[in-house]
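First up is the structure itself, then whatever we jot down about it.
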2 protein chains.
Amino acid sequence: MTDPTPGLNSEQLGAYFALTEVSSLLQYAVDEHLRSAGDLSYVQFQILARLVHVPGGKLRMTDLADGVVYSRSGLTYQAGLLDKRGLITRSPSPDDERSVIVTVTDAGRDLIARVLPEHAERVRQLLFEPMNGQDLAALSAILGRVREHMRATPPRSAKPRAARGRGN
Amino acid sequence: MTDPTPGLNSEQLGAYFALTEVSSLLQYAVDEHLRSAGDLSYVQFQILARLVHVPGGKLRMTDLADGVVYSRSGLTYQAGLLDKRGLITRSPSPDDERSVIVTVTDAGRDLIARVLPEHAERVRQLLFEPMNGQDLAALSAILGRVREHMRATPPRSAKPRAARGRGN
DNA sequence: CCTGGTTGCTTCGAGCTCGAAGCACGTAGG
DNA sequence: CCTACGTGCTTCGAGCTCGAAGCAACCAGG
């Protein structure tokens with residue numbers, strides 16, 4: 001116990017814990033709202049939001065998984081639930097019979113439109129309230145750089161499969 | 001679709017997504033390492049690390065739950081696993097028969113001592129590599145403020161129970 | 001001393017997550 | 001054309017998570 005945390009000084013350690021806690025608390029708060037407002041889990045919201053955000057409202061499963069961090073099997077499960085509720089449809093791609101094209105339905109769009117304002121408001125209140133413009137700029141810059149760095153850094157003991165950047 | 005995200009401008013939205021993704025990727029990487037190095041989940045690691053960090057190596061379940069974000073039932077479950085593996089012991093508090101005092105065993109200390117260096121190194125590499133001293137200071141300040149703010153902001157539709165800041 | 005409310009933890013059921021294995025389609029090399 | 005391998009998704013089993021409900025101990029007030 002001479003060196004409390006080799007490799008990280010105490011400021012880094014504090015930032016690491018703060019990051020963990022902040023994102024946890026944020027997710028909890030947001031998840032709770034989505035569930036009560038639209039009976040959606042955070043994952044489901046992410047899927048729908050992403051689809052709504054994209055030009056044709058369509059995306060292949062794989063592309064969807066690249067944006068959301070969840071596993072493929074988890075995505076299949078959640079897509080099944082959304083399909084059952086009529087918020088998305090799934091159909092085989094004409095180009096590639098293996099691929100499944102996911103499309104938001106109007107009901108899906110409506111639901112997102114309905115919950116998004118409050119969702120955004122919550123995030124603003126929890127995350128951005130205690131920040132000024134300078135903070136936001138700094139945070140954006142740092143996180144952006146870290147994100148790039150993480151994407152570029154391959155997992156330690158990774159399977160060479162799946163090159164992260166667009167399958168084909 | 002005139003206003004893409006009411007309540008959040010695009011810079012805020014970007015920061016929000018970046019935060020989500022960064023902490024997700026970080027947790028994945030760290031979790032994977034802990035599992036392969038010490039057969040520990042991230043939660044288990046957090047529990048042990050917290051105990052090791054604390055003077056007597058003892059903590060009540062509640063105090064433990066205040067630091068780790070997981071639910072009480074989840075904590076009970078994980079504590080059960082750690083107990084079975086001999087990494088912690090659980091005993092009723094002499095002061096309050098309801099409370100359970102969790103104590104790290106030597107085996108638990110050894111395990112943490114064994115995995116901590118690599119854990120820290122990973123975090124450093126992924127999170128702090130692309131930051132300079134100024135970034136770190138800024139990030140710490142911002143996250144610290146946000147964390148306080150979140151702790152102080154009660155969940156929207158919350159039960160008044162559990163005052164968040166140290167039970168008694 | 002009861003009696004009602006609070007607190008600390010555990011048990012329980014339902015649901016979600018993941019990786020491994022499986023299946024079907026696509027593609028390259030002979 | 002046929003074979004072998006790569007890719008996209010789903011199924012499956014095991015394990016983890018959560019909140020609700022349950023139980024025991026503490027803490028008033030009368």
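Chain identifiers are assigned alphabetically (A, B, ...) following the order of the sequence lines, protein sequences preceding nucleic acid strands; residue numbering begins at 1 within each chain. Everything quoted here is computed from the prediction, not taken from an experiment. Atoms considered below: every heavy atom in the structure, side chains included; atoms not considered: hydrogens, waters and symmetry mates.
In this structure a side-chain-to-backbone donor-acceptor pair under 3.5 Å is missing from B:S99 to B:R60. At least one donor-acceptor pair closer than 3.5 Å links the side chain of B:Q44 to the backbone N or O of B:S41. Judged purely by atom type and a 3.5 angstrom limit, B:Q12 uses its side chain to pair as donor or acceptor with the backbone of B:N9. With hydrogens and angles disregarded, no donor-acceptor distance shorter than 3.5 Å links the side chain of A:H33 to the backbone of A:Y28.
One atom, OH of B:Y70, and another, P of D:dT17, lie 6 Å apart when rounded to the nearest Å. Rounding to whole angstrom units, CG of residue B:L64 and P of C:dG8 are separated by 14 Å. Rounded to whole angstrom, the span from the CG atom of A:D31 across to the C1' atom of D:dT17 amounts to 12 Å. Computed from coordinates, the A:Q27 CD to D:dC18 C1' distance equals 15 Å when rounded to whole Å. Distance, A:L34 CG to C:dC16 C1': 16 Å, rounded to whole Å. For the pair A:R35 CZ and D:dA20 C1', the computed distance is 15 Å after rounding to whole Å. Atoms CD (A:Q44) and C1' (C:dG15) sit 11 Å apart, rounded to a whole Å.
Regarding contacts with the backbone of C:dC18, a side-chain N or O of B:Y28 is found under 4.0 angstrom from either OP1 or OP2. Phosphate proximity of C:dT17 to A:Q78: present, with a side-chain N or O under 4.0 Å from OP1 or OP2.
Between B:R122 and B:E32 there is a salt bridge, since at least one side-chain N of the basic residue sits less than 4.0 Å from a carboxylate O of the acidic one. Under the 4.0 Å criterion applied to side-chain N and carboxylate O atoms, B:D135 and A:R145 are assigned as salt-bridge partners. For B:R35 and B:D31, the salt-bridge test passes: some basic side-chain N is under 4.0 Å from an acidic carboxylate O.
Residues from residues 88-105 of chain B lying near DNA chain D, meaning a heavy-atom separation below 4.0 Å, are B:D96, B:E97, B:R98 in numerical order.
Across all strands, B:Y42 comes closer than 4.0 Å to no nucleic acid atom at all (heavy-atom distances).
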Taking only N/O atoms, report every protein-nucleotides 11-13 of chain D pair under 3.5 Å with atom names and distance.
none

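Taken together through direct or relayed side-chain contacts under 4.5 Å among Ile, Leu, Val, Met, Phe, Trp and Tyr, B:Y77 and B:L48 form parts of separate hydrophobic clusters.
Checked against D:dT17, D:dC9, D:dC18, the side chain of A:R60 finds its nearest nucleotide in D:dC9.
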For side chain to side chain contact (heavy atoms under 4.5 Å, CB included), just list the numbers for B:E21 and B:F17, CA-CA rounded to whole Å, side-chain angles, deciding distance to a tenth of an Å, and then say yes or no.
CA-CA 6 Å; B:E21 186 168 342; B:F17 287 159; 6.0 Å; no

